[in-house]
Protein chains: 2
Amino acid sequence: MATMKDVAERAHVSTATVSYVLNGTGTVTLATRQRVLSAVAALNYQPNHAARSLRTRARTLGLVLPPGPAGLGDPALAELVAGLSEAAATSGYYLLLAPSGDRPEYELGADLARTGRVDGLVLLDLRCDDQRAAHLVAAGVRCVGAGAPDAGTPCPAVGLDLAQGAADATRHLCALGHTRIAMIALPTDLADSEPFYQGFVAALAASGREADSALIVEAGTSQDDGFAAMQELLAHPEPPTACLAASDTLAFGAMHALRDAGLEVGRDLALIGCGDLPLAAHTHPALTTLRAPRRAMGAALAHCLIALVERRPIPPATRLPLQLIIRKSTAPPPGA
Amino acid sequence: MATMKDVAERAHVSTATVSYVLNGTGTVTLATRQRVLSAVAALNYQPNHAARSLRTRARTLGLVLPPGPAGLGDPALAELVAGLSEAAATSGYYLLLAPSGDRPEYELGADLARTGRVDGLVLLDLRCDDQRAAHLVAAGVRCVGAGAPDAGTPCPAVGLDLAQGAADATRHLCALGHTRIAMIALPTDLADSEPFYQGFVAALAASGREADSALIVEAGTSQDDGFAAMQELLAHPEPPTACLAASDTLAFGAMHALRDAGLEVGRDLALIGCGDLPLAAHTHPALTTLRAPRRAMGAALAHCLIALVERRPIPPATRLPLQLIIRKSTAPPPGA
DNA sequence: ATTAAGCACTTAATCGGTTAAGCGGAGTAT
DNA sequence: ATACTCCGCTTAACCGATTAAGTGCTTAAT
């Protein structure tokens, strides 16, 4: 493997000069530069990454994958990772994947940063009062969060405009004539939970309705959680005619519960999800949902984190817009 | 950030001794070892990765992501990556994701290896007479391929037992009473194409049938390719009553073509896919398919590549078994 | 003419580890 | 008693880059 020394010898200069040419620093005459560059080309030289990052950065971003059976199998995460890795690559960074296994995420992340293996970290599924972020920032680790930041979030974050999305979805249900509209929420410790709820309530208020707290149920994140939540809603003395689920996965579970109860999704109860997973277009009926630009979110995370790492000004925290995709799971209320 | 020198001072030894303790090499008395270890603990020391890999390995595996809109969005790939990264992590390696963008895959891979950024590479979708593998192996890069290796494959490979899988699927179709069985093949330059075809032909022969070459059409990999392939089969003067598609994606396209032709999948033509993508269970009718253990495949790739990197004997090339998942897209032939 | 400033380089320190070689001292064989 | 071998540790070279400091030369300023 050719080293910088080899290049220097071939170009009859010192390694310092080679380094200056390659990094565009220092002052080098045209003739010398050309000799160096042709030596580089002739030897097919590329600087050793370890040696370089010993003095500078690793040019690597880290992503700690939370444990759990789905992992990267979750299409939403996979898309985000795709956008993240591609945007990072165009800025000369690569993405290191670190499955946390049974170690705490923040611990693994701190190790990766402390050993200089990565320059910064992406935190998935930002929580309210996120302990991982707190630990890492306190340890001097640069990181950005994926999710809606609240006031106390100690690091920059990139999120979806869930308030807008939930409001759009709710307006659509209102426009169809629904008045008893339920909502299945994500766990409130997820940062994305609150703005979604706010958008829901705001849109209801804007159309003269009021949120009925009995029709708002907090669920987990799994399909089973959505199933249970819908069962709870159906047990209500005066059940809703429409429901907004904070994720597609919850909506899928809700659909099962409706089918089990002998109800037809769309005709008997209008249902909207959030995320637009690939499956959403293929359920029966196809799920009306909010499309989340996960790739763009990954890209935005990359840009933000790289700016942070390079001590450049951080791009303003944009909320990425959701798009309502109307399919077959929404219809006017029964008897309307 | 604490360095090894700090640890050495605190334990009143040289950095060499610290290194010996941490790596388990050299001979160190129990007392010294304990002094070192408690200094390490007290300082929360972890060795700098760049410094370490300057002399040894990077303990990093590389995965070059082929260009294309799907990328990691393809669930089959995402699952493989999940298995790969998890298995690598349990052996102390992490996975570096490098989207190739518009650069040739082998070139990017060669760069990553030459710069010492990764110790080895995983090549996706191994081709017949794979040029990437040839280039990389010639350049002294350690790599393993994902896909069925043929005799000339210059590197170890991990693949599915497609011959067995295709045979199982074909037998199932024969058992249902089909005689005119078609096959939609992957591009023949993919290494996985041939064994699938062989399994198909062998199972037909074993049940006394012969493959009709007019019923075997080579397609691309996209849904549109599957669509076109099925149209071609339906244009046949004596169309098939069953069809085995070499991938779920091709099968999805074929289903659309059948629907467009006014035919009902299952009743009018039995269809089997391969891979068992999440969508396969949600098409209408649900697709009978061969379940591919993509996570296990990723894990096997990791084990193989790490063995290669550490110059240990390479695990014997196992073909991972496919499991036939019978759903609703297969039925006896019309009028049987 | 003299000094100062700039240019185009080189020298050498440095990053933080790994590891071959060396070196006392204790234990064993002759 | 002498030599030989291990053991447990240290010294220092080394990995391959970056970069501060230094050097000799040319050119501009006084």
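Labels below follow one simple rule: chain letters A, B, ... track the order of the sequence lines, proteins then strands, and each chain is numbered from 1. In what follows, every heavy atom counts, from backbone to side chain, and hydrogens, waters and symmetry copies are set aside. Since we're looking at a predicted model, the values are computed, not measured.
B:Asp150 places a side-chain N or O within donor-acceptor distance of the main-chain N or O of B:Thr153, the cut-off being under 3.5 Å. A distance-only check finds a donor-acceptor pair linking the side chain of B:Asp119 to the backbone of B:Thr60 [under 3.5 Å]. Between the B:Arg35 side chain and the B:Ala11 main chain, a donor and an acceptor come within less than 3.5 Å of each other. No donor-acceptor pair under 3.5 Å is formed between the side chain of B:Glu86 and the backbone N or O of B:Leu84. Side-chain atoms of B:Asp111 do not come within 3.5 Å of backbone N or O of B:Leu108 as any donor-acceptor pair.
Scanning all heavy atoms of the two residues, the minimum distance from B:Cys143 to B:Leu123 falls at SG-CD1, 4.2 Å.
For residues 26-38 of chain A, proximity to DNA chain C is found at A:Thr27, A:Val28, A:Thr29, A:Thr32, defined as any non-hydrogen atom under 4.0 angstrom from a strand atom.
Within the structure, every side-chain polar atom (N or O) of A:Thr15 is placed at least 4.0 Å from both OP1 and OP2 of D:dA17. For the OP1/OP2 pair of D:dA17 and a distance below 4.0 Å, the side-chain nitrogens and oxygens of A:Tyr20 include no atom meeting the criterion. Phosphate contact (OP1/OP2 of C:dT18, side-chain N/O of B:Asn23, threshold under 4.0 Å): present.
Comparing D:dC9, C:dT19, D:dG16 by their nearest atom to the side chain of B:Arg55 picks out C:dT19. Among C:dT18, D:dT10, D:dA17, the nucleotide with an atom closest to any side-chain atom of B:Ala16 is D:dT10. Comparing D:dA12, D:dA17, C:dT10 by their nearest atom to the side chain of A:Thr17 picks out C:dT10.
Among the heavy atoms of the strands lying under 4.0 Å from B:Thr3 are primed sugar atoms or P, OP1, OP2 only; no base atom is included. Here B:Val18 lies out of heavy-atom contact (under 4.0 Å) with every strand.
The neighbour count for A:Arg311 CZ, taken as heavy atoms of other residues, nucleotides or ligands under 6.0 Å away, does not exceed 12.
Between the CD atom of B:Gln46 and the P atom of C:dG17 there is a distance of 11 Å, given to the nearest Å. We find that CZ of A:Arg117 is positioned 22 Å from P of C:dC15, with the value rounded to whole Å. Spacing between atom CG of B:Leu54 and atom P of C:dC15 amounts to 14 Å, rounded to whole angstrom units. Regarding A:Met4, its CE atom lies at a distance of 15 Å from the C1' atom of C:dT10, rounded to whole Å. Between A:Asp6 atom CG and D:dG16 atom P there is a gap of 9 Å when expressed in whole angstrom units. Atoms CG (B:Leu43) and C1' (C:dG16) sit 15 Å apart, rounded to a whole Å. Taking atom CZ of residue B:Arg52 and atom C1' of nucleotide C:dC15, one finds them 16 Å apart after rounding to whole Å. As a whole-Å value, the separation of B:Arg57 CZ from C:dG17 C1' is 15 Å.
Taking for each of B:His12 and A:Ala2 the nucleotide of DNA chain D with the nearest heavy atom, the 5'-most of the two is the partner of B:His12.
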